[in-house]
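Structure, as structure tokens:
Source: prediction; values computed, not measured.
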Amino acid sequence: MGELNQINKDGKEIIVESHWTLVRDNENKPKSILVISTDITEKKQIEAHLFRTQRMESIGTLAGGIAHDINNVLTPILMAIQVLQRKLPDEQSQWMLSTLESSTKRGADIVRQVLTFARGIEGDRAAIQAGHLIGEMERIIRETFPKSVNIVTDVSKDLWSIHGDATQLHQILLNLCVNARDAMHNGGALTITAENMPIDESRIHIHPEAKAGRYVLIKVSDTGIGITPEIINKIFEPFFTTKEVGKGTGLGLSTVLSIVKSHGGFLDIHSEIGKGTIFEVYLPAVADKGQQAEESQIGLYQGQGELILVVDDESAVREIAKEMLEMYGYRVMTANDGKE
């Protein structure tokens, strides 16, 4: 007994559970084989869906387990950067430290993003300018992508604001840009654009999940190999990937779709073999044209010799905190735990 891939009379591929039994004649010689096959295609599909769900739960458990440890790694790095920013005032050092600070914060945000995706935690929402996100993404990919990838951005003036989670929207751009890069094996053009896009009743019939209203349209296009019609409907499935083992998890586009839907938006994709792919992300605009809420900068108070006790079981966090507080004029005592 075992499972076999077969073709049914309609030419459709099916999976069967097959039992083969040797039949003997009256003289106990092999006479024939009795084959009983049962179509278990639907059963296997349900099992595959269950396995995907279990894998997602495992990712959530894993992410929760490592998030604390990763934050313990990133926290002293971030604090050390802030100390060095005061000690190294020259322009080049400030630029490098600013880049490190941004990347470290983004690393912490990505940990939170994994938790958000795996556990369905709602992120913080605020009025965001897509142009700012695209500008930050352009800087990152110019520093990290091969020089053979020509990067072009075009953001319309007076772009409407989006009500959303900056980290999640950043993740959309990052995943789409990385996929575009990977599709251009010998280099090419990566273009990111953003424009206001009012959508009326005549256009929403194409997308049942869409509602008439004001949207911000973000396009990420490449001149890569394109996507074949056979797989274009599968690319948003969790764990589906055409990349080699170790080069892709198959979670990138499913994450993109999940985030876009959670923001009340929708996606379009256009692709042609050998000519490239365009992803169109439609995100609802907020009612007003308010600008992105800037993060308020909390003032750092200069100490007057006050004594502060720092307790943390991570020595790196403890020592960097001590260094930073002393730099601001405080006296510091440290301890590993409550007993100490």
Exercise: identify the closest heavy-atom pair between [X] and [Y]:
| X | Y | value |
| --- | --- | --- |
| D312 | E314 | OD1-N, 2.8 Å |
| H263 | D165 | NE2-N, 3.1 Å |
| S102 | R139 | OG-NH2, 3.6 Å |
| S262 | Q168 | OG-OE1, 4.1 Å |
| E340 | T334 | OE2-O, 4.3 Å |
| L159 | Q129 | O-NE2, 2.8 Å |

Hydrophobic clusters here meaning ILVMFWY residues chained together by side-chain heavy-atom distances under 4.5 Å, can you tell me if [X] and [Y] are in one?
| X | Y | result |
| --- | --- | --- |
| I308 | M327 | yes |
| V83 | V310 | yes |
| M79 | Y301 | yes |
| I140 | I134 | no |
| Y328 | V332 | yes |

[X] [atom1] to [Y] [atom2] distance, which is reported to the nearest 0.5 Å:
| X | Y | atom1 | atom2 | value |
| --- | --- | --- | --- | --- |
| Q171 | S258 | CD | OG | 11.0 Å |
| N5 | K44 | CG | NZ | 9.5 Å |
| I320 | I77 | CD1 | CD1 | 10.0 Å |
| L100 | I81 | CG | CD1 | 4.5 Å |
| S103 | L74 | OG | CG | 11.0 Å |
| I151 | M137 | CD1 | CE | 10.5 Å |

message = For the CD atom on E13, are there more than 12 heavy atoms of other groups (residues, nucleotides or ligands in this structure) within a distance under 6.0 Å?
response =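 No, CD of E13 has 12 or fewer neighbouring heavy atoms, counting only those of other groups under 6.0 Å.
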Counting heavy atoms not belonging to N26, are there more than 12 under 6.0 Å from its CG?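 At most 12 heavy atoms, drawn from other residues, nucleotides or ligands, come within 6.0 Å of this atom.
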Can you list everything that forms a side-chain hydrogen bond (donor to acceptor under 3.5 Å, both in side chains) with [X]? Sequence neighbours excluded, please.
| X | value |
| --- | --- |
| E319 | none |
| R181 | none |
| E136 | R106 |
| T153 | E138 |

- Kindly state each residue pair satisfying salt bridge (charged side-chain N to carboxylate O under 4.0 Å, His left out) with at least one member in residues 321-338, sequence neighbours excluded.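 Salt bridge (charged side-chain N to carboxylate O under 4.0 Å, His left out) check on residues 321-338 returns K87-E323, K322-E326.
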Judged by atom type as modelled, is there a donor-acceptor pair below 3.5 Å linking the side chain of [X] to the main-chain atoms of [Y]?
| X | Y | result |
| --- | --- | --- |
| D25 | E27 | yes |
| R214 | V286 | yes |
| H170 | A166 | no |
| E306 | Q304 | yes |

May I ask you to test the L173-L169 pair for a side-chain heavy-atom distance under 4.5 Å?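 No, their side chains stay 4.5 Å or more apart.
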Handout entry: Heavy-atom check, side chain of N175 versus side chain of L253, under 4.5 Å
Key =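 A side-chain contact under 4.5 Å is absent here.
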Can you list, pair by pair, the side-chain donor-acceptor contacts under 3.5 Å of residues 217-227, counting residues two or more places apart and other chains?
{"from": "D222", "atom 1": "OD1", "to": "G224", "atom 2": "N", "distance (Å)": "2.8"}
{"from": "D222", "atom 1": "OD1", "to": "T277", "atom 2": "N", "distance (Å)": "3.3"}
{"from": "T223", "atom 1": "OG1", "to": "A189", "atom 2": "N", "distance (Å)": "3.0"}

S271 and I278: CA distance, side-chain angles, deciding distance, side-chain contact (heavy atoms from CB on, under 4.5 Å) verdict = CA-CA 6 Å; S271 189; I278 302 173; over 6 Å; no
message = Could you list the cluster mates of L78? Members are the ILVMFWY residues connected by side-chain heavy atoms closer than 4.5 Å, either directly or through other members.
response =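 Cluster partners of L78: none, it stands alone.
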- prompt: Does M333 sit in a hydrophobic cluster with other residues, and if so which ones, taking ILVMFWY side chains as linked at heavy-atom separations under 4.5 Å, directly or through other members?
  reply: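 Its cluster mates, by chain and number, are L307, L309, V311.
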ask   = Among all residues two or more places apart in sequence or in another chain, which pass the side chain to side chain contact (heavy atoms under 4.5 Å, CB included) test with N150?
value =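 Here the qualifying residues are V152.
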Residues 88-96 side chain polar contacts: donor-acceptor under 3.5 Å, at least two apart:
{"from": "D90", "atom 1": "OD1", "to": "S93", "atom 2": "OG", "distance (Å)": "2.8"}
{"from": "D90", "atom 1": "OD2", "to": "S93", "atom 2": "N", "distance (Å)": "3.0"}
{"from": "D90", "atom 1": "OD2", "to": "S93", "atom 2": "OG", "distance (Å)": "2.9"}
{"from": "Q94", "atom 1": "NE2", "to": "Q85", "atom 2": "O", "distance (Å)": "2.6"}
{"from": "Q94", "atom 1": "NE2", "to": "L88", "atom 2": "O", "distance (Å)": "2.7"}

- Message: Could you go through I14 and I7, starting from their C-alpha distance and side-chain angles, then the distance that decides it, and tell me whether this counts as side-chain contact (heavy atoms from CB on, under 4.5 Å)?
- Response: CA-CA 6 Å; I14 61 173; I7 306 293; over 6 Å; no
Show which side-chain atoms of residues 29-39 pair as donor or acceptor with protein atoms under 3.5 Å away, not counting sequence neighbours.
{"from": "S37", "atom 1": "OG", "to": "S18", "atom 2": "OG", "distance (Å)": "3.0"}
{"from": "D39", "atom 1": "OD1", "to": "T41", "atom 2": "N", "distance (Å)": "2.9"}
{"from": "D39", "atom 1": "OD1", "to": "T41", "atom 2": "OG1", "distance (Å)": "2.7"}

Students often mix this up, so state it plainly: with edges at 30° and 60°, are the rings of Y282 and F266 parallel, tilted or perpendicular?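 Correct class here is parallel.
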Contacts under 3.5 angstrom, residues 192-199 side chains, donor-acceptor by atom type, not counting sequence neighbours:
{"from": "N196", "atom 1": "OD1", "to": "W160", "atom 2": "N", "distance (Å)": "2.8"}
{"from": "N196", "atom 1": "ND2", "to": "D158", "atom 2": "O", "distance (Å)": "3.1"}

Could you go through V256 and L267, starting from their C-alpha distance and side-chain angles, then the distance that decides it, and tell me whether this counts as side-chain contact (heavy atoms from CB on, under 4.5 Å)? CA-CA 9 Å; V256 167; L267 275 169; 4.1 Å; yes
Step-by-step side-chain contact (heavy atoms from CB on, under 4.5 Å) determination, T99 to E143 = CA-CA 10 Å; T99 302; E143 293 171 1; 3.8 Å; yes
